[in-house]
Asker: 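This is the structure I want to talk about, given as structure tokens.
Residue indices begin at 1 and follow the sequence shown. If you're wondering where the values come from, they're calculated on a predicted model, not measured in any experiment.
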Amino acid sequence: MENSSPIYTEFLPISRADMEARGWEQLDFVVVGGDAYVDHPSFGTAIISRLLEAEGYKVGVLAQPRYTDCEDFKRFGKPKYGFFIGGGNVDSMVSHYSVAKIPRAEDEYSPGGKGGARPDRSATVYTRLAKQAYPDLPVILGGLEASLRRFAHYDYWLDTVLPSIAEDSGADIISFGMGEHQTVAIARRLAAGEPVSSITDVDGTCYLTDFDHLPEKYVECAGFKKVASDKTAYAKACRIQMDNQDVVSGQIIVQKQSEKYLVQNIPAKPLVRWELDRVYALPYTRRYHPIYEAMGGVPAIREVQFSIIQNRGCFGGCNFCAIQLHQGRRVTSRSADSIVAEAERMTHEPDFKGYIHDIGGPTANFRFPSCREQMLRGMCNGGKHCLAPTTCSHMIVDHSDYLKILRRVRELPGVKKVFIRSGIRFDYLMADPDDTFFKELVEYHVSGQLKVAPEHCAPNTLAYMGKPPIQTFNKFKDKFYELSKKAGKKQYLVPYLMSSHPGSTLSDAVYLAEYLYKNHMRPEQVQDFYPTPGTVSTCMFYTGLDPYTLKPVFVEKTAEGKALQRALLQYYEPRNAEKVIKALKMTHREDLIPLLVPAEGRRAVQRSARRAEAAEVTIHNDGTYTVRPNGKGKGRPQGHAAPANRSAGGRQPSPGARFAPRSTPGHKPKNDQQKENTTWKNTNRKK
């Protein structure tokens, strides 16, 4: 096959000099992003900027601008029509902090993988700076960070409820979802001279208004002040928001913020197949900008440079996942010809070694909407799931189209292997009575390990996650190893697992550890539940309520409880032995200690226990006290009691020492040095 598609090498302008090289005096739009400039369709900034370019507009890209002042926003001069702003592919707070709220040193989407190139809450900060630079210019705020914060929402990092990002940022319009339809519609209307204040009827957008200008028909959820003070109101508002995210059945939602009202229009229609093909055929260079070369490049490109996105949306409906609130639950997919053409183009790139890392998406093996009823009446509401707890009888289960695409790509000259690394939905795969795809998946598309996401095994926890029962995964697991053996391959499943999800008790975590032991699974990476804005699981985390039933849900919020659940997922690590033993004792499952805790870990815990045995403490009339180890243990005691007037100097008395606090009656320091030092004398030393 000849190379029919050129490899593009020209990036969009990132400076005034780039504009002048093109002969441009003024840009029409500036696209601002929280990631380094990577011109690849896996990056939101690249899609929006290339889409505007295809519409005939002069576009500049402002990637990771300085955020101490607004000068970078004036880099190109004043754009003619306005700014399109996004916070980045990953929520900036998730990018900056671990689930334990510890700052991360690395950022895969920044030059050299180093953190600090963008601010916390970057979408809000960038919008404010754009408004500061040019107060009269429209600012359209979109992307993941804005989508998940468009309503009043629980903020995990501040542990409080915040108003809509529309209020906090000052954006004129919030574009939620993937954004292509909204971007084109808004750009055309601004270019036609329409004021941004009148662009209030675009599907897939939100705006702020006063009571007198609310639309005629809408559903209302409790306002910011109410949901910030009443957790039941928050849970009810969450359900209203989730039940109206479908393009067919969704209604306009109104929520009062501090003063004004947020209006969310119905979601934008997903791109149909030819529109998706057009977006992915735009002239991306598929590389990071050369200015980053000396900084070590942009690490995030490695995983996607030779990967192909074949679909969007997911009807899996996991409660902890942001996809249903951002991409939506209707699956749309690209044509086979579009996917094959992109794969063929890859084979001519100088860095291509013959391996396509992925042909997938949010869920790799979805190609069609969930069912015909979805297209006519919309997705089921009320928390109903297509795949959990059982597979819906109306669901379309068909891998044949996906399989044909994989076969065509495998046959391309220069392609050695085609892997599938994004999520295979194993319950959907098991619902297919034809195992042809499963066989070829095992034979051709697994790179030694296949990542799957059972997430847990305890029935109660899986129900709150919106995942199928573990028996479905067990059948998939057995079939996978059976087919691998028949194919003569040693291949392994790598399970994604999550600890401390709402509903997961310590007993559930022990149940999961026992399951992992019995099934010879030793997960190398596990994830503590991360409460990101907007999801159903985050609603449960904050309110302690199931938004669909309003029944209480157990939520583990203590640092110790989270640590115990996480340790149980990696029970085999000696470093986790103390926590695992403690968890097993707390749940009265001491019978599992010999099985789950390695001998090395048990010995270490025993040594630590001997050192930590309680000491005898005698408090004397003059305020001093004597510390002696009891007869059962040796070494320095820990955790002994101290008088209320104990010195704050931080020194610990040695065993058998008699301690006199500096405030002991009758004690007079002889000099300033003695004032700074704790006075103590040994009453048991040999004479």
Asker: Do Thr183 and Ile47 have side-chain heavy atoms sitting under 4.5 Å apart?
Answerer: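 Not touching, per the 4.5 Å side-chain cut-off.
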
Asker: Ser484: what forms a side-chain hydrogen bond (donor to acceptor under 3.5 Å, both in side chains) with it, not counting sequence neighbours?
Answerer: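 Residues passing side-chain hydrogen bond (donor to acceptor under 3.5 Å, both in side chains) with Ser484: Gln491.
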
Asker: Do you know the tightest heavy-atom contact between Ser42 and Val304?
Answerer: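 Heavy atoms only, the tightest pair is OG-CB, 3.7 Å.
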
Asker: Inspect the contact between Glu411 and Arg407 and indicate whether a charged nitrogen and a carboxylate oxygen are less than 4.0 angstrom apart.
Answerer: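 Here Arg407 does not pair with Glu411 in a salt bridge, since their nearest N and O are not under 4.0 Å apart.
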
Asker: Are any of the side-chain heavy atoms of His181 and Leu271 separated by less than 4.5 Å?
Answerer: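 The answer is yes; the side chains approach within 4.5 Å.
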
Asker: Extract all donor-acceptor atom pairs below 3.5 Å that involve side chains of residues 263-270 and protein atoms in other chains or at least two apart in sequence.
Answerer:
| residue | atom | partner | partner atom | Å |
| --- | --- | --- | --- | --- |
| Gln264 | OE1 | Arg150 | NE | 2.7 |
| Gln264 | OE1 | Arg150 | NH2 | 3.4 |
| Asn265 | ND2 | Thr200 | O | 3.1 |
| Asn265 | ND2 | Val202 | O | 3.1 |
| Asn265 | ND2 | Thr205 | OG1 | 3.3 |

Asker: For Asp358, check side-chain hydrogen bond (donor to acceptor under 3.5 Å, both in side chains) against everything at least two apart and list the hits.
Answerer: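 Checked Asp358 against side-chain hydrogen bond (donor to acceptor under 3.5 Å, both in side chains); matches are Ser422.
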
Asker: Determine, step by step, whether Ser335 and Asp337 satisfy the side chain to side chain donor-acceptor pair (under 3.5 Å) criterion, reporting the C-alpha distance in whole Å, the side-chain angles of both residues, the deciding distance to 0.1 Å, and the verdict.
Answerer: CA-CA 5 Å; Ser335 70; Asp337 289 344; 5.5 Å; no

Asker: Can you tell me if Ser92 and Glu145 form a side-chain donor-acceptor pair at under 3.5 Å?
Answerer: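 There is such a pair between these side chains.
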
Asker: Classify the side-chain pair Ser333/Arg273 by whether it contains a donor and acceptor separated by less than 3.5 Å.
Answerer: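 Indeed, the side chains of Ser333 and Arg273 share at least one donor-acceptor pair under 3.5 Å.
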
Asker: Less than 4.5 Å apart, any side-chain heavy atom of Met178 and any of His326?
Answerer: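 Contact flag for Met178/His326 side chains = yes.
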
Asker: Just wondering, do Met430 and Phe438 contact through their side chains at under 4.5 Å, heavy atoms?
Answerer: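 Sidechains of Met430 and Phe438: in contact.
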
Asker: Could you please spell out the steps behind the side chain to side chain contact (heavy atoms under 4.5 Å, CB included) verdict for Leu376 and Val248?
Answerer: CA-CA 7 Å; Leu376 298 174; Val248 177; over 6 Å; no

Asker: Any Lys/Arg nitrogen of Glu180 or Arg278 sitting under 4.0 Å from an Asp/Glu carboxylate oxygen of the other?
Answerer: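 A salt bridge is absent here (no side-chain N lies under 4.0 Å from a carboxylate O).
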
Asker: With sequence neighbours left out, what residues match Tyr234 under ring pair (Phe, Tyr, Trp, His ring centres under 6.0 Å)?
Answerer: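 Expected list: Tyr542.
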
Asker: When you compare the side chain of Glu342 with that of Gln310, does any pair of heavy atoms fall below 4.5 Å?
Answerer: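 Result no, sub-4.5 Å side-chain heavy-atom pair not found.
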
Asker: Using salt bridge (charged side-chain N to carboxylate O under 4.0 Å, His left out) as the criterion, list what pairs up with Arg421, not counting sequence neighbours.
Answerer: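 If we apply the salt bridge (charged side-chain N to carboxylate O under 4.0 Å, His left out) test to Arg421, skipping adjacent residues, there are no hits.
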
Asker: Any side-chain heavy-atom pair from Leu325 and Ser147 closer than 4.5 angstrom?
Answerer: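 Leu325 does not reach Ser147 side chain to side chain.
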
Asker: Donor-acceptor pairs under 3.5 angstrom involving side-chain atoms of residues 459-472: please list them, not counting sequence neighbours.
Answerer:
| residue | atom | partner | partner atom | Å |
| --- | --- | --- | --- | --- |
| Asn460 | ND2 | Gly503 | O | 3.4 |
| Thr461 | OG1 | Asp508 | OD2 | 3.2 |
| Lys467 | NZ | Ala453 | O | 2.9 |

Asker: By salt bridge (charged side-chain N to carboxylate O under 4.0 Å, His left out), which residues pair with Asp435, not counting sequence neighbours?
Answerer: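 Only Lys439, Lys479 meet the salt bridge (charged side-chain N to carboxylate O under 4.0 Å, His left out) criterion with Asp435.
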
Asker: Main chain of Leu144, side chain of Asp91: is a donor-acceptor contact present, judged purely on distance under 3.5 Å?
Answerer: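 Absent.
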
Asker: For the backbone of Gly142 and the side chain of Ser175, can you confirm whether one donor and one acceptor N or O come within less than 3.5 Å of each other?
Answerer: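 Side chain of Ser175 to backbone of Gly142, a donor-acceptor pair under 3.5 Å: no, none is there.
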
Asker: Tell me, yes or no, whether the heavy-atom count around Lys384 atom NZ, taken from other residues, nucleotides or ligands under 6.0 Å, exceeds 12.
Answerer: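 For Lys384, atom NZ is not crowded (no more than 12 foreign heavy atoms under 6.0 Å).
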
Asker: Is there a donor-acceptor pair closer than 3.5 Å between any side-chain N or O of His385 and the backbone N or O of Gly383?
Answerer: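 Yes, the answer is positive, given that a donor and an acceptor are paired below the 3.5 Å cut-off.
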
Asker: Could you pull out every donor-acceptor pair under 3.5 Å between side chains of residues 528-536 and any protein atom, sequence neighbours left out?
Answerer:
| residue | atom | partner | partner atom | Å |
| --- | --- | --- | --- | --- |
| Asp528 | OD1 | Ser499 | OG | 2.8 |
| Asp528 | OD1 | Ser500 | OG | 3.3 |
| Tyr530 | OH | Tyr97 | O | 2.7 |
| Tyr530 | OH | Ser98 | O | 3.4 |
| Tyr530 | OH | Trp157 | NE1 | 3.0 |
| Thr535 | OG1 | Thr538 | N | 3.1 |
| Thr535 | OG1 | Thr538 | OG1 | 2.8 |

Asker: Applying side-chain hydrogen bond (donor to acceptor under 3.5 Å, both in side chains), can you list everything that pairs with Lys477, at least two apart in sequence or on another chain?
Answerer: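 Lys477 satisfies side-chain hydrogen bond (donor to acceptor under 3.5 Å, both in side chains) with Asn519 once adjacent residues are dropped.
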
Asker: With the side chain counted from C-beta on, respond yes when Gln251 and Tyr218 share a heavy-atom pair under 4.5 Å apart, and no when they do not.
Answerer: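 In short, these two side chains do not touch, never coming nearer than 4.5 Å.
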
Asker: At what distance, to the nearest 0.5 angstrom, does NZ of Lys451 lie from OH of Tyr496?
Answerer: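 Here the interatomic distance stands at 4.0 Å.
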
Asker: Would you say the side-chain atoms of Gln570 pair up with the backbone N or O of Pro523, donor to acceptor, closer than 3.5 Å?
Answerer: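 Confirmed, Gln570 side chain pairs with Pro523 backbone.
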
Asker: Parallel, tilted or perpendicular, judged at 30° and 60°: which one describes the rings of Tyr492 and Tyr481?
Answerer: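 The rings of Tyr492 and Tyr481 stand perpendicular, inter-plane angle above 60°.
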
Asker: Check for a donor-acceptor pair, side chain of Gln449 on one end and backbone N or O of Val494 on the other, with a separation under 3.5 Å.
Answerer: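 The answer is no, because no donor-acceptor pair under 3.5 Å joins these two groups.
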
Asker: Test of understanding: with side-chain hydrogen bond (donor to acceptor under 3.5 Å, both in side chains), list the residues that count as partners of Asn89, not counting sequence neighbours.
Answerer: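 Asn89: no side-chain hydrogen bond (donor to acceptor under 3.5 Å, both in side chains) contacts found.
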
Asker: Run the side chain to side chain contact (heavy atoms under 4.5 Å, CB included) test on Ile253 and Phe151 for me, step by step, so that the C-alpha distance in whole Å, both residues' side-chain angles and the decisive distance to 0.1 Å come before the verdict.
Answerer: CA-CA 10 Å; Ile253 304 175; Phe151 295 104; 3.8 Å; yes

Asker: Only one of Val452, Leu441, Leu450, Ile424 clears side chain to side chain contact (heavy atoms under 4.5 Å, CB included) with Phe480; which?
Answerer: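 Only one of Val452, Leu441, Leu450, Ile424 forms a side chain to side chain contact (heavy atoms under 4.5 Å, CB included) with Phe480, namely Leu450.
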
Asker: Hey, are Tyr515 and Asn474 close enough side-chain-wise for a donor-acceptor pair under 3.5 Å?
Answerer: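 Yes, Tyr515 and Asn474 have a side-chain donor paired with an acceptor closer than 3.5 Å.
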
Asker: Check whether Arg287 reaches the backbone of Asp39 with its side chain - one donor and one acceptor, N or O, closer than 3.5 Å.
Answerer: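 Side chain of Arg287 to backbone of Asp39: no pair is present.
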
Asker: Rounded to the nearest 0.5 Å, what separation is found between the OG1 atom of Thr543 and the CG atom of Leu550?
Answerer: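 Answer rounded to 0.5 Å: 8.5 Å.
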
Asker: Could you tell me whether Asp246 and Arg377 make a salt bridge, using a distance below 4.0 angstrom between a side-chain N and a carboxylate O?
Answerer: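 Salt bridge between Asp246 and Arg377, a charged N being under 4.0 Å from a carboxylate O: no.
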
Asker: Could you tell me which residues satisfy ring pair (Phe, Tyr, Trp, His ring centres under 6.0 Å) with Phe426, sequence neighbours excluded, listed by chain and number?
Answerer: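 Per chain and number, Phe426 pairs via ring pair (Phe, Tyr, Trp, His ring centres under 6.0 Å) with Phe473, Phe476.
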
Asker: Can you tell me if His394 uses its side chain to pair, donor with acceptor, with the backbone of Glu373 under 3.5 Å?
Answerer: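 Not confirmed, His394 side chain does not pair with Glu373 backbone.
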
Asker: Going by the side-chain hydrogen bond (donor to acceptor under 3.5 Å, both in side chains) test, which pairs reach into residues 425-434, not counting sequence neighbours?
Answerer: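 Sorted pair list: His399-Asp432, Arg425-Asp427, Asp434-Thr436.
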
Asker: Do Tyr284 and Arg50 have side-chain heavy atoms sitting under 4.5 Å apart?
Answerer: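 SC-SC contact between Tyr284 and Arg50 confirmed.
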
Asker: Checking the side chain of Asn381 only, and the main-chain atoms of Asp243 only, is there a donor and an acceptor separated by less than 3.5 Å?
Answerer: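 Present.
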
Asker: Donor-acceptor check, side chain of Glu349 to backbone of Met346, threshold 3.5 angstrom: yes or no?
Answerer: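 Answer holds: no.
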
Asker: I'd like to know if the side chain of Arg410 and the backbone of Ile405 have a donor-acceptor N/O pair within less than 3.5 Å.
Answerer: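 Judged by distance alone, no pair lies under 3.5 Å.
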
Asker: If I compare all heavy atoms of Ser249 with all of Asn244, which pair ends up nearest, and what's the gap?
Answerer: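 Ser249 and Asn244 have their closest heavy atoms at O-OD1, 4.3 Å.
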
Asker: With side chain to side chain contact (heavy atoms under 4.5 Å, CB included) as the criterion, how do Ser537 and His501 come out once you've worked through the C-alpha distance, each side chain's angles and the decisive distance to 0.1 Å?
Answerer: CA-CA 8 Å; Ser537 294; His501 185 277; 2.7 Å; yes

Asker: Is it the case that more than 12 heavy atoms not belonging to Phe419 sit under 6.0 Å from its CZ atom?
Answerer: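 It does: Phe419 CZ has more than 12 such atoms within range.
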
